[in-house]
**Student:** 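Take a look at the following structure, please.
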There are 2 protein chains.
Amino acid sequence: MGYSIGQAAKKMGLTTHTLRYYDKEGLLPFVKKSGSGLRVFSDEDMEWLVVIECLKGTGMSLKNIKQYIDWCLEGDATIDKRLEMFKRQKNKLEEQMAELQKYLEKINYKIAYYTEASKSGSVDAVKRNAYLAAEKKRIFDINNAA
Amino acid sequence: MGYSIGQAAKKMGLTTHTLRYYDKEGLLPFVKKSGSGLRVFSDEDMEWLVVIECLKGTGMSLKNIKQYIDWCLEGDATIDKRLEMFKRQKNKLEEQMAELQKYLEKINYKIAYYTEASKSGSVDAVKRNAYLAAEKKRIFDINNAA
DNA sequence: ATTAAATTTAGAGTTAACTCTAAATATATA
DNA sequence: TATATATTTAGAGTTAACTCTAAATTTAAT
């Protein structure tokens, strides 16, 4: 009915070192210890880890994640702060996704460029390809609108 | 017809310190110096910076970015290596985008959860909301299929 | 009951990517 | 031409997030 730190780490794709580090940093105040002092992760604890992973994966620092967890411990008085935090994180995430979309366009250009270069065995010919030159200007020119 | 390091930094949203650091790490072998030793960034150099930013923004280490730049300096013999590198980076990027999409679902759940909690002034009532409980199980349960 | 594997702690060490400093030189502004 | 601002270098310092170690204790496997 509970997971050892090793089992929890495996489920989350983390190391036990990392989980103990998170605990030391105050990110896992909800994880209980057994009579002999071993950490026992419940299913609910695993859900906390999923939230931590989500915030970390969207670029939040461990310090700010701890802030959120502290607000949770404080109770209902912090509900609006937590709501605002997730709204801000959603905005940040949507900006990240838009940024990645632009990176994808650049990488697709490079793949097209090097695919042509590979065919002809040289980049010189590709530099005279009008379509790729126009795409390059559109996608990479720093003086275009951001 | 060329940018100073300060102008280049401003255009890229970086600091001059960072550009000099990149240069020291071998990422900017193409940037020329003026007669008196000042770096002069051409438009083409700015395009290199855009590529570096793209690779960095999609999670490539500066060390691996340098590897790519070294291949470019080596010439046509490395075209296929460069093509494969961008294909790998595209795969990585698509995985990242899928991951962010999943994070967005989690954050949207949290916003729905705390919006309800904010209305009632307490999280307790929300925990009895059947729809949110089902969504929580679907979105956060570690034992569901990844 | 042995043995092997996992866990505990405190604390030291590592890594990547900056970030800053100081003193000298160069460039732009009034 | 003064003065202010920008740039140069080498090298030191910082930060976040791990990552590892060692010695003791606990748990699981035979």
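Hydrogens, waters and symmetry mates are skipped; everything else that's a heavy atom, side chains included, is used. Labels below follow one simple rule: chain letters A, B, ... track the order of the sequence lines, proteins then strands, and each chain is numbered from 1.
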**Student:** Tabulate atom names and distances for all N/O pairs under 3.5 angstrom spanning the protein and nucleotides 17-21 of chain D.
**Tutor:**
unit_1, atom_1, unit_2, atom_2, d
dA17(D), OP2, Leu62(A), N, 3.3
dC18(D), OP2, Tyr22(A), OH, 2.7

**Student:** side-chain contact (heavy atoms from CB on, under 4.5 Å) for Tyr114(A) and Val126(A)? Distances and angles first, verdict last.
**Tutor:** CA-CA 8 Å; Tyr114(A) 283 121; Val126(A) 186; over 6 Å; no
**Student:** Taking side chain as C-beta onward, heavy atoms only, is Met12(B) less than 4.5 Å from Val50(B)?
**Tutor:**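 Side-chain contact under 4.5 Å: yes.
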**Student:** To the nearest 0.5 Å, how far apart are CG in Leu83(B) and OH in Tyr113(A)?
**Tutor:**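 Interatomic distance, Leu83(B) CG to Tyr113(A) OH, rounded to 0.5 Å: 12.0 Å.
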**Student:** May I ask you to check whether over 12 heavy atoms, not counting those of Lys63(A), lie within 6.0 Å of atom NZ?
**Tutor:**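 Atom NZ in Lys63(A) is not packed in, count stays at 12 or less.
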**Student:** Just the rounded figure in Å: distance from C1' of dA6(C) to OH of Tyr3(A).
**Tutor:**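 Spelled out: OH on Tyr3(A) to C1' on dA6(C) is 18 Å.
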**Student:** Rounded to the nearest angstrom, tell me the gap between atom CD in Glu25(A) and atom P in dA10(C).
**Tutor:**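 Nearest whole value for this atom pair: 13 Å.
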**Student:** Expressed in angstrom and rounded to an integer, what is the separation of Lys66(A) atom NZ from dA16(D) atom C1'?
**Tutor:**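 So the two atoms are 16 Å apart, to the nearest Å.
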**Student:** Are any non-hydrogen side-chain atoms of Lys106(B) and Phe140(B) less than 4.5 angstrom apart?
**Tutor:**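 Side-chain contact under 4.5 Å: yes.
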**Student:** Does any non-hydrogen side-chain atom of Ile65(B) lie less than 4.5 Å from one of Lys56(B)?
**Tutor:**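 SC-SC contact between Lys56(B) and Ile65(B) confirmed.
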**Student:** Determine, step by step, whether Val31(B) and Tyr22(B) satisfy the side-chain contact (heavy atoms from CB on, under 4.5 Å) criterion, reporting the C-alpha distance in whole Å, the side-chain angles of both residues, the deciding distance to 0.1 Å, and the verdict.
**Tutor:** CA-CA 11 Å; Val31(B) 173; Tyr22(B) 286 178; over 6 Å; no
**Student:** Please list, by residue number, the residues of residues 27-50 of chain A whose heavy atoms come closer than 4.0 Å to an atom of DNA chain D; answer none if no residue qualifies.
**Tutor:**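 The stretch gives Ser36(A), Leu38(A) as the residues lying under 4.0 Å from the strand, ordered by number.
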**Student:** Let me know the distance between CD of Gln7(A) and C1' of dA6(C), rounded to the nearest Å.
**Tutor:**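 In whole Å, dA6(C) C1' and Gln7(A) CD are 10 Å from each other.
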**Student:** Taking only side-chain N and O atoms of Arg20(A), does any of them lie within less than 4.0 angstrom of OP1 or OP2 on dT8(C)?
**Tutor:**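 Yes, such a contact exists.
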**Student:** Starting at atom CG of Leu19(B), determine the distance to atom C1' of dT9(D), rounded to an integer number of angstrom.
**Tutor:**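 Rounded to whole Å, this separation is 16 Å.
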**Student:** Looking at Met97(B), Lys92(B), Glu53(B), Gln89(B), which one forms a side-chain contact (heavy atoms from CB on, under 4.5 Å) with Thr58(B)?
**Tutor:**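 Of the listed options, the one satisfying the test is Gln89(B).
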